[in-house]
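To start, the structure itself, in structure tokens.
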Amino acid sequence: MKFQKPKGTYDILPDDSAKRNFLYQKIRTVCNNFNYSEILTPAFEKTELFRRGIGETSDIVSKEMYSFNNDEFTLRPELTAGVIRAYLENNLYNISPVTKLFYIANMFRRERPQAGRFREFWQFGIELIGSNDVHSDAEVICLGVQLLNEFGLLNVTTKINSIGSPAERSKYLEILKEYLISYKSDLSEISLIRLEKNPLRILDTKDSRELEILSSAPVLYDYLSTDTKRRFEKLLAILDNLNVRFETDYRLVRGFDYYTDTAFEIHSGELGAQNSVLGGGRYNNLIEQFGGKPTPAIGFGLGIERLLIMIGKSNYKFSQKNNPDLYVGYTDETAQNFAFGIAIKLRISGLKVEIDFLNRSVKSQLKEANRLNVTFSIVIGENEINSGFVELKNMHDGKSLKIKLSPNEIYNFISKYENETSTTGNA
RNA sequence: GCGGGUAUAGCUCAGUUGGCAGAGCGUCAGAUUGUGGCUCUGAAAGUCACGGGUUCGAGCCCCGUUACUCGCCCCA
């Protein structure tokens, strides 16, 4: 019986984990510069938390959650709800009126897998809690844009909209519904269902005929209050000043119930049908809804797998692999004992060292050393043990020199060599 | 939940009108004793996804199942 991974999951193999760690490191650097602190919350929460936060009628809550223990708990399908729960439970608002958090975490949704969509997937996300200042909107968007810039991703589009308050939206929805009903016979089956369930989402359609109908449909933006519109225009001006490239998209909407005002997404042409790599927005009512004082907040989530796809299709080069410094070869069992001792000592002093476990021929051991792209190799046998000297071979240029067979000598030589080559910079 | 595509060696894939299961890469072993890369020689490695059917004969044709994959929906 051979086991298989669950549908929609994947194994992160050594090559992948190296790339991911590099990516995470870059994310942490950007977050550090913007002064966001990392937060980690449990992988599962009370089911009720997601029901209340994301919205009972959303697709996620109604059919995509992994719940267990009689529906008491659910594997997190997103992280904003959990972070806000932690924020309130640990009274983080008492430390400072503004809290800036980020996370890199896995989450779970029972969706049909396809390109760039998984049942277990990772998101990097940030939450800026405690300010409704329009500059905080700008900061959050800038952080996302900056991160993509770090990887030289140019084929992206940042789209921004304001979806106003729930009150402003419901007024508009009635009018939109009325308008669409007059075109009922031209609408697709799916859109007819949406018309009842969630008319706002019809704006997302890709059907050309429906796009035509929508081109003269009432626009949500026109139904927002003057205050909301002025706030939005102020945000656009700030982004303009910062030379952030964006497009306003009055048809951009969000899937979760908790969003208010600013909504934004970053799309990429490198992705398939799931072309959104980053999505976020303001949620000024969620914290109050979770029993806290009314507190404004804004954040986004970025799909790690989608980012990796984009980077993979660009010509971005991940930084060089971290190869072993030294391969310790040996000729026979007596020599192996000796060589093994040397290898361990050098590892303890801080070198990256590999040694064979299979008692293979010297030739095979060096082949392996070559495959690992080690910088230096030594081979220890009777001669070396008796003489106390060993040939230290530079595997890159093939040159070798005799050196005392002692961990100290070897360590000093190799670390000196690496300091010299790293300061002169390598091609 | 609904569609399309695919399934052959560790990986990427050929396999003709149905006639002995293949290549490249990788792995392993050799090419003067204890020294890698290049080259050469050789080897191991397969329930042709699974189960039925047609046929003298099926990797290939037919039916079913499963898995993967790309879309719809939804989202990151």
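In what follows, chains carry the letters A, B, and so on, assigned in the order in which the sequence lines appear, proteins first and then strands, with residues in each chain numbered from 1.
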Next item on the list: Please confirm whether A:F300 and A:F102 have ring centers closer than 6.0 angstrom.
Entry: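 No - the distance between ring centres of A:F300 and A:F102 does not fall below the 6.0 Å cut-off.
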Give a yes/no on whether any side-chain N or O of [X] is located under 4.0 angstrom from OP1 or OP2 of [N].
{"X": "A:Q4", "N": "B:A67", "answer": "no"}
{"X": "A:R112", "N": "B:C70", "answer": "no"}
{"X": "A:K7", "N": "B:C68", "answer": "yes"}
{"X": "A:S364", "N": "B:A29", "answer": "yes"}

Answer with yes or no whether [X] presents, from its side chain, a donor or acceptor under 3.5 Å of a partner atom in the base of [N].
{"X": "A:N370", "N": "B:G36", "result": "yes"}
{"X": "A:Q365", "N": "B:G34", "result": "no"}
{"X": "A:R109", "N": "B:A76", "result": "yes"}
{"X": "A:N383", "N": "B:G34", "result": "yes"}
{"X": "A:K363", "N": "B:G34", "result": "no"}

Notebook entry, point to check: Should A:F232 and A:I160 count as side-chain neighbours, where that means a heavy-atom distance under 4.5 Å?
Noted result: yes
Determine the interatomic distance between [atom1] on [N] and the same-named atom on [M]; round to the nearest Å.
{"N": "B:U65", "M": "B:A21", "atom1": "C1'", "value": "26 Å"}
{"N": "B:A7", "M": "B:A43", "atom1": "C1'", "value": "29 Å"}
{"N": "B:U54", "M": "B:U12", "atom1": "C1'", "value": "34 Å"}
{"N": "B:G26", "M": "B:C40", "atom1": "P", "value": "12 Å"}
{"N": "B:A76", "M": "B:G1", "atom1": "P", "value": "22 Å"}
{"N": "B:A31", "M": "B:U8", "atom1": "P", "value": "37 Å"}
{"N": "B:C2", "M": "B:A44", "atom1": "C1'", "value": "46 Å"}
{"N": "B:G52", "M": "B:U66", "atom1": "C1'", "value": "15 Å"}

Item checked: ring pair (Phe, Tyr, Trp, His ring centres under 6.0 Å) contacts touching residues 155-176 of chain A (sequence neighbours left out) -> A:Y172-A:Y223
Margin query: So if I take every side-chain heavy atom of A:T331 and compare against B:G34, B:U35, B:G71, which nucleotide ends up nearest?
Written below: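 Shortest atom-to-atom distance from the side chain points to B:G34.
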Margin query: Of the options B:G34, B:A76, B:G37, whose atoms approach the side-chain atoms of A:V379 most closely?
Written below: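 Closest nucleotide to the A:V379 side chain: B:G34.
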Test: [X] and [Y] ion pair at under 4.0 Å:
{"X": "A:E48", "Y": "A:R51", "answer": "yes"}
{"X": "A:K402", "Y": "A:E384", "answer": "no"}
{"X": "A:D249", "Y": "A:K159", "answer": "yes"}
{"X": "A:R347", "Y": "A:E354", "answer": "yes"}

Note to self: Please find the pair of heavy atoms, one from A:A138 and one from A:I238, that lie closest to each other, and give the distance.
What the structure shows: CB-CG2, 3.7 Å
Check: Given A:E127, which of A:Y87, A:Y36, A:Y283 fulfils the side chain to side chain donor-acceptor pair (under 3.5 Å) condition?
Finding: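 Going through A:Y87, A:Y36, A:Y283 one by one, the side chain to side chain donor-acceptor pair (under 3.5 Å) with A:E127 is satisfied by A:Y283 alone.
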Check: So what does the secondary structure string of RNA chain B come out as, 5' to 3', with Watson-Crick or wobble pairs under 3.5 angstrom, [ ] for crossing and | for pairs with another strand?
Finding: (((((((..((((.....[..)))).(((((.......))))).....(((((..]....))))))))))))....
Item checked: RNA chain B contacts made by residues 26-40 of chain A, counting heavy atoms under 4.0 Å -> none
Note to self: Could you check whether any side-chain N or O of A:N394 sits under 3.5 Å from a backbone N or O of A:H396, counting only pairs where one atom can act as donor and the other as acceptor?
What the structure shows: yes
Margin query: If you assign A:T9 and A:G116 each to the RNA chain B nucleotide with the nearest heavy atom, which residue ends up on the more 5' nucleotide?
Written below: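 Result: A:T9.
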